[in-house]
Each structure stands twice: as C-alpha cells, then as structure tokens.
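Naming convention: chains lettered A, B, ... in sequence-line order (proteins, then strands); numbering from 1 in each chain. Computed from a predicted model, the values in this text were never measured in an experiment.
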2 protein chains.
Amino acid sequence: MELDQAFRSAALRPTAQRYAVLEFLAGHPVHATAEEIFRAVNRDDPRASRATVYNNLRSLAKAGLVREVMSEGKAARFDANLRRHHHFICERCGAVEDISWFDLPPSAGRVALGGRDVSNYEIVFRGACEGCRDAQPEQGAK
Amino acid sequence: MELDQAFRSAALRPTAQRYAVLEFLAGHPVHATAEEIFRAVNRDDPRASRATVYNNLRSLAKAGLVREVMSEGKAARFDANLRRHHHFICERCGAVEDISWFDLPPSAGRVALGGRDVSNYEIVFRGACEGCRDAQPEQGAK
DNA sequence: ACTCAAGTTAGACAAAATCTATATTTAGAT
DNA sequence: ATCTAAATATAGATTTTGTCTAACTTGAGT
Ligand SMILES: [Mn+2]
Ligand SMILES: [Mn+2]
Ligand SMILES: [Zn+2]
Ligand SMILES: [Zn+2]
C-alpha cells in the first residue's frame, strides 16, 4: 500500500495505530477533530489511546502527511488531503468541505498585500452546503 | 462616542467592562486572544474578570460588534474590524494582519463550488510579514 | 536473539472555555 | 428619589482540549 511508502520516506514506523489514524483521515475527508478520530479508531481494532492519537497527529503533521486546518471552534481539525485546495464551511450544519484548487488572478491583492512575502494562500467560503440548501429551500416573503 | 450608539442599537448595556473590552479590540487590531484581552483590560481600570471577558466577547460577537477569526493555535482570536477584509498570517512570528478587501473575479471557483450557496468568503494569506522579511533577508545558495 | 530508538499507554497536568450561584448594576417605572 | 426586574459581573467549579511523564512495548537493524 502506498501509505507504507509514505511512512518509509518520512522515517515514521508504520505502526498499526498510526496507520489507523491516517487511514481514517484519508477515508473520511470531513476534517475530523482529534476526539472524533479517537472514537472512530476505537470502534474497531487496533485501538489507540488518546495520547497516541494526539502523538500521531503531531508526527504525521510534522512529516507533512496530515495538515491541521483552520477552524472556528475550539477543537483543531485535521486533513489528510495533501492536494492544494480551498475550503467551504456550511454555516448551518458546520460541515467543512474541500473545494478544488483554483488560482487567484496573478494581480489579485498586489497592492493590498504591501511588502509582505506571500508563500501560500487559501480561500475560505461560507454559506449553505448542498444538503442544507435543499433542506430549507429559501424563505420567500411571508 | 459612537460605541454607545453601537451598544444601544444592539440592545447591549454599555457597561464599563464591556466598553473596555471593545475599546481594546478596536484600538489594537492584532486579533487578540481572550487571555490577552483579559490581561490588557486589567492593567488599568475598569477591571474585568475572566468570565466577564468571555461573556462580553460572546455578547459582542452575537451583536455583530466583534468577530471570532479563524486561527491556527488553540486559543480563539477576536477582531473588532467590521469592514470586510482578508487576513495574512506570518509563518515566522505568528502575527495576524488585516488585508484590505478586494473581490475575487466573479467567475472564480464557479465550477469548483458546485451547488453550494456561498454567502461570503475570505482569503487567508501566509508568508513573512514585513518585519520578519527584513529581519532575515533571504538565504542565498550556500 | 540482542539492542535501543521509536512508539504506546494511563494518568497527571495545563490551557482554554463554559457554567453556576451569588452579588451588583442598570434602565425604566413609579 | 425610590423601587423593581432584568442584565451584567464575579469567583470559583467544571468541562473540554491538548500536552507531558514515566513505565512499558515494539520493531528494524545487527
Ligand atoms: Mn481539506
Ligand atoms: Mn482582521
Ligand atoms: Zn450544511
Ligand atoms: Zn512576522
């Protein structure tokens, strides 16, 4: 499996717990919190302690196999999608969804950014996801 | 003062503590954490307890006079800049700076966003702020 | 098989945020 | 001015989130 390859090149031992954490994140691209990952991993074997989940999230992040994504709430959220992408946050259900990458026009923000040295950027969209939009279709005038 | 006006229209009583919290945020646009606000407010009168700082950040946020901004670390950061704007995060010193607003081109992301109902968006830039860029000027090849 | 750094674990600890119960303040009515 | 009810302030308890410690286990190379 290619995850073993990723572990090897990152000098991380492919332990069962580490594998389970990364496999859950890769298979459930919902930007889970550490607690959600802990519960998911412990629903079936192999189990992992809370400390191990946190340890592995840190080691995977340091190795670049996982990213911590910005989030509104208190608990950090993690992302195993390594492709460059934007995010969409549903203001009704809280879902954090991936938006495939597109560049800003090269001139965008040139003046607004002043003398800053920009190495990267990301757009965060907000609104209603498809499910929420359909569920409560648009309140016409009463 | 116009803050009284804002309080009045938000149905928030203009207490000394609430005023101090909002005044600090408005006067120090560095996206402070609750703890930083707590310490700043308690350097001079009127004092405010930790609970009051948290309570007021919530009531001010609900009233739309303050926003919680996304942040990397664990502690939430707050913003009294109500104008629409983007943000820049310095990867060296951690500073969170305001970038004045500019629109995405109207077509941007149209396909990537699919059927989602976008009500707002924000760009988060990362890199080196002016101070950090100057401090460590660019490592040439060795 | 032996070795030892890397990894796991429970539980202690710390930081960030919320809640509870009580005291105080405020806006408005008399 | 006094009174009242609701909003606010507060200290400390509690909860949530994350880190650390110290003992134990695993596993990759020899
Ligand atoms: Mn993502
Ligand atoms: Mn801002
Ligand atoms: Zn939704
Ligand atoms: Zn900087």
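No donor-acceptor pair under 3.5 Å is formed between the side chain of Arg77(A) and the backbone N or O of Ser71(A). Between the side chain of His85(A) and the backbone N or O of Asp98(A) there is no donor-acceptor pair closer than 3.5 Å. Judged purely by atom type and a 3.5 angstrom limit, Asn42(B) uses its side chain to pair as donor or acceptor with the backbone of Ala48(B).
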Report task. Let me have a per-nucleotide readout for nucleotides 7-12 of chain C, 5' to 3', with B, S or -, counting only protein heavy atoms under 4.0 Å. Result -> SBBB--

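Protein atom CD of Glu68(B) is 12 Å distant from nucleotide atom C1' of dA16(C), rounded to whole Å. Separating the CD atom of Glu35(A) from the C1' atom of dT19(D) is a distance of 15 Å, rounded to the nearest angstrom. Rounded to whole angstrom, the span from the CD atom of Glu72(B) across to the C1' atom of dG18(D) amounts to 16 Å. Atom C1' of nucleotide dA6(C) and atom CG of Leu60(A) are separated by 14 Å, given to the nearest angstrom. Here the P atom of nucleotide dT17(D) and the CD1 atom of Ile37(A) are 13 Å apart, to the nearest Å. In this structure, Arg58(A) places its CZ atom 8 Å from C1' of dG18(D), rounding to the nearest Å. In this structure, the OH atom of Tyr19(B) is 18 Å from the C1' atom of dT26(C), given to the nearest Å. When rounded to the nearest whole Å, the span between CZ of Arg77(A) and P of dT17(D) equals 10 Å.
The cluster map of Ile, Leu, Val, Met, Phe, Trp and Tyr, joined by side-chain heavy atoms under 4.5 Å apart, puts Tyr54(B) and Leu60(B) in different clusters.
Residue Arg8(B) is out of contact with every strand shown, counting any heavy-atom pair closer than 4.0 Å.
One axis for each end of the helix from dA1(C)-dT30(D) to dT30(C)-dA1(D), each built from five base pairs, and the angle between them comes to 30° at 10° resolution.
Ion pairing between Arg133(A) and Glu130(A) holds under the 4.0 Å rule for side-chain N and carboxylate O. The pair Arg50(A)-Glu35(A) meets the salt-bridge criterion, with a side-chain N (NZ, NE, NH1 or NH2) lying under 4.0 Å from an Asp/Glu carboxylate O. The pair Glu72(B)-Arg126(B) counts as a salt bridge, with a side-chain nitrogen and a carboxylate oxygen less than 4.0 angstrom apart.
Checking Asn56(A), Leu22(A), Leu82(A), Asn81(A) one by one against Val66(A), the side chain to side chain contact (heavy atoms under 4.5 Å, CB included) holds for a single residue, Leu22(A).
Taking CG of Asp117(B) as the start and CZ of Arg92(A) as the end, the distance is 7.0 Å to the nearest 0.5 Å.
Between Tyr54(B) and the phosphate of dT18(C), there is no side-chain N or O to OP1/OP2 separation shorter than 4.0 Å.
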